[in-house]
Amino acid sequence: MILWHKNLKDLGFTFASSTFSNGFFLYDKDKNKIETLDLRPFDIEEIEPYTFYHYIAIRKLILPPSLKIICSHAFATCQDLEKIVFNDNLEYIGTSAFENCALSSIETPENLRTIKDHAFSRNFITKADLNEGLERIENDAFSFNDLEEMIIPSTVKVLGNTFISFQRATDGPTCVYMPKHLKNEYYSNVLVKDYD
């Protein structure tokens with residue numbers, strides 16, 4: 001199944017605009033406001049662009065084991081989203097998929113291969129555990145966060161030059177452990193340490 005905003009009702013969800021902002025609230029079939037969005041009961045392979053764009057009040061997201069692709073802006077501006085439980089089969093996270101949320105850490109799943117531009121930018125991430133097997137981290141994927149340290153997996157083949165630009169950390173530079181086969185041209189607030 002491909003999930004997008006027009007088939008949310010088929011899964012038993014309803015939504016309504018917030019009175020106080022331009023966001024939306026999501027409700028279950030019993031008309032309870034959803035703070036934990038658990039998609040595990042559904043056989044979803046792909047979440048289309050903007051499906052949950054600007055849904056507020058969702059604090060935790062649990063992805064189904066069948067999910068392989070999260071498209072661009074799928075959860076962007078879910079300003080209360082603090083935690084994501086990924087599944088091991090996820091392979092692709094699209095442009096700005098989780099931009100402007102409230103994430104403080106992430107642990108990417110073992111089969112993830114691509115993180116597109118701005119995918120996790122404008123959050124509060126201090127720690128990102130990236131999986132071996134990851135192949136692409138594109139420009140600004142982690143920009144405007146609070147990263148203290150990041151280890152780039154040895155399997156990464158493409159690394160955007162600005163993947164962690166404009167960090168907000170105030171206690172010194174972000175330390176990035178980088179495989180020697182990658183270029184290391186970054187900003188002054190990034191300390192790069194090579195490894196084999």
Side-chain angles (χ1 to χ4, degrees), residues 1-112 114-131 140-147 167-168:
M1 167 197 290
I2 295 175
L3 182 63
W4 62 310
H5 69 277
K6 290 193 176 178
N7 66 0
L8 285 175
K9 289 182 182 177
D10 297 339
L11 302 181
F13 298 114
T14 58
F15 52 91
S17 296
S18 165
T19 308
F20 303 107
S21 76
N22 57 355
F24 298 93
F25 291 114
L26 191 63
Y27 299 92
D28 64 18
K29 62 182 179 186
D30 298 321
K31 307 228 184 292
N32 297 312
K33 192 183 297 181
I34 294 176
E35 291 188 9
T36 297
L37 179 57
D38 187 351
L39 296 175
R40 287 178 297 183
F42 309 107
D43 187 25
I44 301 165
E45 291 182 17
E46 181 175 333
I47 299 176
E48 286 289 287
Y50 295 95
T51 299
F52 293 98
Y53 180 80
H54 213 308
Y55 278 81
I56 53 180
I58 297 172
R59 298 191 180 284
K60 182 177 180 181
L61 171 64
I62 305 172
L63 297 172
S66 54
L67 187 67
K68 293 184 177 177
I69 298 170
I70 298 174
C71 293
S72 67
H73 299 87
F75 295 92
T77 316
C78 287
Q79 61 197 27
D80 296 320
L81 182 59
E82 299 171 334
K83 182 170 178 61
I84 304 168
V85 179
F86 288 106
N87 72 68
D88 286 336
N89 294 313
L90 185 66
E91 297 173 1
Y92 179 93
I93 297 176
T95 300
S96 299
F98 295 100
E99 184 174 14
N100 200 26
C101 295
L103 301 170
S104 60
S105 67
I106 63 159
E107 183 175 344
T108 59
E110 65 183 39
N111 287 315
L112 186 66
T114 301
I115 299 175
K116 295 293 281 181
D117 305 74
H118 302 277
F120 293 100
S121 68
R122 299 186 186 278
N123 277 274
F124 302 95
I125 298 170
T126 58
K127 184 175 184 193
D129 288 329
L130 304 179
N131 62 298
D140 293 311
F142 291 94
S143 63
F144 294 102
N145 276 288
D146 298 320
L147 284 164
Q167 294 301 297
R168 294 188 296 235

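The residues of the chain are indexed from 1 along the displayed sequence.
With contacts defined as side-chain heavy-atom distances shorter than 4.5 Å, the pair Leu37/Phe75 qualifies. His54 has its side chain out of reach of Cys78: every pair of non-hydrogen atoms, C-beta onward, lies at least 4.5 Å apart. A heavy-atom distance below 4.5 Å is not found between the side chains of Ile62 and Leu39. Inter-residue side-chain proximity for Asp129 and Ile106 is flagged as unmet; no heavy-atom pair is nearer than 4.5 Å.
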Practice task
Go through the steps to decide whether Ile115 and Phe120 satisfy the test side chain to side chain contact (heavy atoms under 4.5 Å, CB included), and finish with yes or no.
Solution key: CA-CA 9 Å; Ile115 299 175; Phe120 293 100; 4.1 Å; yes

Exercise for the section: Determine, stepwise, if the pair Ile34 / Tyr27 fulfils side chain to side chain contact (heavy atoms under 4.5 Å, CB included). Expected result: CA-CA 5 Å; Ile34 294 176; Tyr27 299 92; 5.6 Å; no

Practice task
Apply side chain to side chain contact (heavy atoms under 4.5 Å, CB included) to the pair Phe98 and Ile93, showing each step before the final yes or no.
Solution key: CA-CA 9 Å; Phe98 295 100; Ile93 297 176; 4.2 Å; yes

Handout entry: Intermediate values then yes/no, side chain to side chain contact (heavy atoms under 4.5 Å, CB included), Thr126 and Leu147
Key = CA-CA 4 Å; Thr126 58; Leu147 284 164; over 6 Å; no

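Listed by first then second residue, pairs satisfying salt bridge (charged side-chain N to carboxylate O under 4.0 Å, His left out) with a partner in residues 65-94 read Arg59-Glu82, not counting sequence neighbours. Note on residues 92-102: pairs passing salt bridge (charged side-chain N to carboxylate O under 4.0 Å, His left out), not counting sequence neighbours, are Glu99-Arg122.
With 3.5 Å as the limit, one finds a donor-acceptor pair spanning the side chains of Thr108 and Asn131.
Remark: Asn87 pairs with no residue by the side chain to side chain donor-acceptor pair (under 3.5 Å) rule, at least two apart or across chains. Remark: Thr51 engages no residue in a side chain to side chain donor-acceptor pair (under 3.5 Å) (not counting sequence neighbours). Partners of His73 under the ring-ring contact (aromatic ring centres under 6.0 Å, His included) rule, at least two apart in sequence or in another chain, are Tyr50. Checked against salt bridge (charged side-chain N to carboxylate O under 4.0 Å, His left out), Asp28 has no partners two or more places apart in sequence or in another chain.
Using a distance-only test at 3.5 Å, with no hydrogens or angles considered, no donor-acceptor pair links the side chain of Asn89 to the main chain of Leu67.
Relative to the ring axis of Phe25, Lys33 places its NZ or CZ within 45° and under 6.0 Å from the centre.
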